[in-house]
Protein chains: 2
Amino acid sequence: MSDLLERLRGRGWRMTAQRRVVAEVLEGDHVHLTADEVHARAVDRLPEISRATVYNTLGEMVSLGEVIEVSTDRRAKRYDPNAHRPHHHLVCARCGAIRDVHPSGNPLADLPDDERFGFTVSDVEVTYRGICPNCSATA
Amino acid sequence: MSDLLERLRGRGWRMTAQRRVVAEVLEGDHVHLTADEVHARAVDRLPEISRATVYNTLGEMVSLGEVIEVSTDRRAKRYDPNAHRPHHHLVCARCGAIRDVHPSGNPLADLPDDERFGFTVSDVEVTYRGICPNCSATA
DNA sequence: TGTTTGACTTGGACAAAGTCCATTGTAGGA
DNA sequence: TCCTACAATGGACTTTGTCCAAGTCAAACA
Ligand SMILES: [Mn+2]
Ligand SMILES: [Mn+2]
Ligand SMILES: [Zn+2]
Ligand SMILES: [Zn+2]
């Protein structure tokens, strides 16, 4: 079954067909779908689900910390169910494929005090860019 | 005068009042304006400059490598004239202030081979987030 | 099991950021 | 000074997302 769905149910969510379908669409690893992609796949299972509901539901999942918003390009935000293991992203510059990555080391420690300008720095977001094996092959 | 302007002139750009004004607006350090902010400031100097021209001009500067596009939030892209010294960004989560930062170490080296999934990784983008001194004070 | 009700869903209007294009204007060379 | 290729303009259009009033329904409770 759906891990995500289980966690949400455990938080006292009212369960509706729409929410179930959105959670099911987000199952898996290296999943980073846009809201419209989620909507398209949700419609396959539940034809009349609305765009507004998909946005609402994703927003709530994000608020609950069960889904992460990822912006690797300047297009649509992507929704990532891998919320419980901190990670960064590796993006193909050609086709947009996205993989979760776990760098060694802590980039926060790499920011010297004299480069902090008095900020209280609490978080760092890293995006690696390159060419995926698929795109390399079909050069 | 304008370094940016000089570099652009040196590349054989046809010089127009509009391009001059956009380049002048982008002078300085830690400058990360949105296209609309650039437009607003350009209008102060040249009232009839159009939005389309600002977008076109910024896009060309980016193509020439004289300006960098930065997306620290999911709002508008920001345009950064500091294109000749590689750097990352430190962003205030409350007010959005942005500073250029130069971390020690190379985050690219922190990505182990078994986390590269066969990608040819060529670039990394790092965004630090925190609270600026100003926002800390007016807590 | 039927009723009730507040939470959820819906479709459409609206907004922000950006692109595209036909038309008009002009920088800079001949 | 004249020409013309390149640049500027403004408005229509697109994408991504938010907001709202009205209708629907999950689930608590009797
Ligand atoms: Mn991820
Ligand atoms: Mn910068
Ligand atoms: Zn690829
Ligand atoms: Zn601040």
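A, B, ... follow the sequence lines: proteins, then strands. Residue 1 opens every chain. Atom set for the values below is all heavy atoms of this structure, side chains included, hydrogens, waters and symmetry mates excluded.
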Requested in this report: Name the closest nucleotide to the Thr57(B) side chain, picking from dA8(D), dG10(D), dG17(D).
Outcome: dA8(D)
Query raised in the report: In whole angstroms, how far is the C1' atom of dT18(D) from the CD atom of Glu69(A)?
Result: 13 Å
Query - Nucleotide dT16(D), atom P - distance to NE2 of His39(A) in whole Å - result: 14 Å
Report summary line: Only one of Val31(A), Val22(A), Ile49(A) passes side-chain contact (heavy atoms from CB on, under 4.5 Å) with Val38(A), and that residue is Val22(A)
Query raised in the report: Start at the 5' end of DNA chain C and walk down; is the nucleotide closest to Arg51(B) or to Thr53(A) reached first?
Result: Thr53(A)
Query - Inter-residue atom distance Phe117(A).CZ - Asp100(B).CG, 0.5 Å rounding - result: 7.5 Å
**Report entry** Reported CG-to-CZ distance for the pair Leu90(A) and Arg116(B), which is rounded to 0.5 angstrom
**Finding:** 8.5 Å
Report summary line: To the nearest angstrom, the CD-C1' distance between Glu37(A) and dG17(D) comes to 15 Å
Query raised in the report: Are Ile68(A) and Val25(A) connected, step by step, through hydrophobic side chains (Ile, Leu, Val, Met, Phe, Trp, Tyr) whose heavy atoms are closer than 4.5 Å?
Result: no
Query raised in the report: Which nucleotide in the list dT9(D), dT10(C), dA17(C) gets nearest to the side chain of Gln18(B)?
Result: dT9(D)
Requested in this report: Measure from the side chain of Asn56(A), starting at C-beta and using heavy atoms only, and say which of dT18(D), dA8(D), dT10(C) lies closest.
Outcome: dT10(C)
Query raised in the report: Between Trp13(B) and Ala76(B), which is nearer to the 5' end of DNA chain C once each is assigned its nearest nucleotide?
Result: Ala76(B)
Report task. Report the distance from atom CG of Leu33(B) to atom P of dG18(C), rounded to the nearest whole Å. Result -> 13 Å
Query raised in the report: Over how many whole Å does the gap from Asp73(B) atom CG to dG17(D) atom C1' extend?
Result: 14 Å
Query raised in the report: Which one, dG18(C), dT10(C), dT16(D), comes nearest to the side chain of Tyr55(A)?
Result: dT16(D)
Report task. Tell me what Thr16(B) touches on the nucleic acid: a base, only sugar-phosphate, or nothing, going by heavy atoms under 4.0 Å. Result -> sugar-phosphate
Query raised in the report: If you find the nucleotide of DNA chain D closest to Arg14(B) and the one closest to Ser50(B), which residue's nucleotide is nearer the 5' end?
Result: Arg14(B)
Query - Whole angstrom value for the distance that separates C1' of dC25(D) from CG of Leu46(A) - result: 14 Å
Report summary line: The single option from His30(B), His89(B), His87(B), His88(B) that satisfies side-chain contact (heavy atoms from CB on, under 4.5 Å) with Arg99(B) is His30(B)
Query raised in the report: Can you check the Ile49(B) CD1 to dG25(C) P distance for me, whole Å?
Result: 17 Å
Report task. May I ask you to verify if any side-chain N or O of Arg19(A) is less than 4.0 angstrom from the OP1 or OP2 atom of dC8(C)? Result -> yes
Report summary line: Taken to the nearest whole Å, CG/Leu58(A) to P/dC8(C) is 15 Å
Requested in this report: Compare the minimum distances between each of dA17(C), dA8(D), dG10(D) and the side chain of Asp36(B), then state the nucleotide with the smallest one.
Outcome: dA17(C)
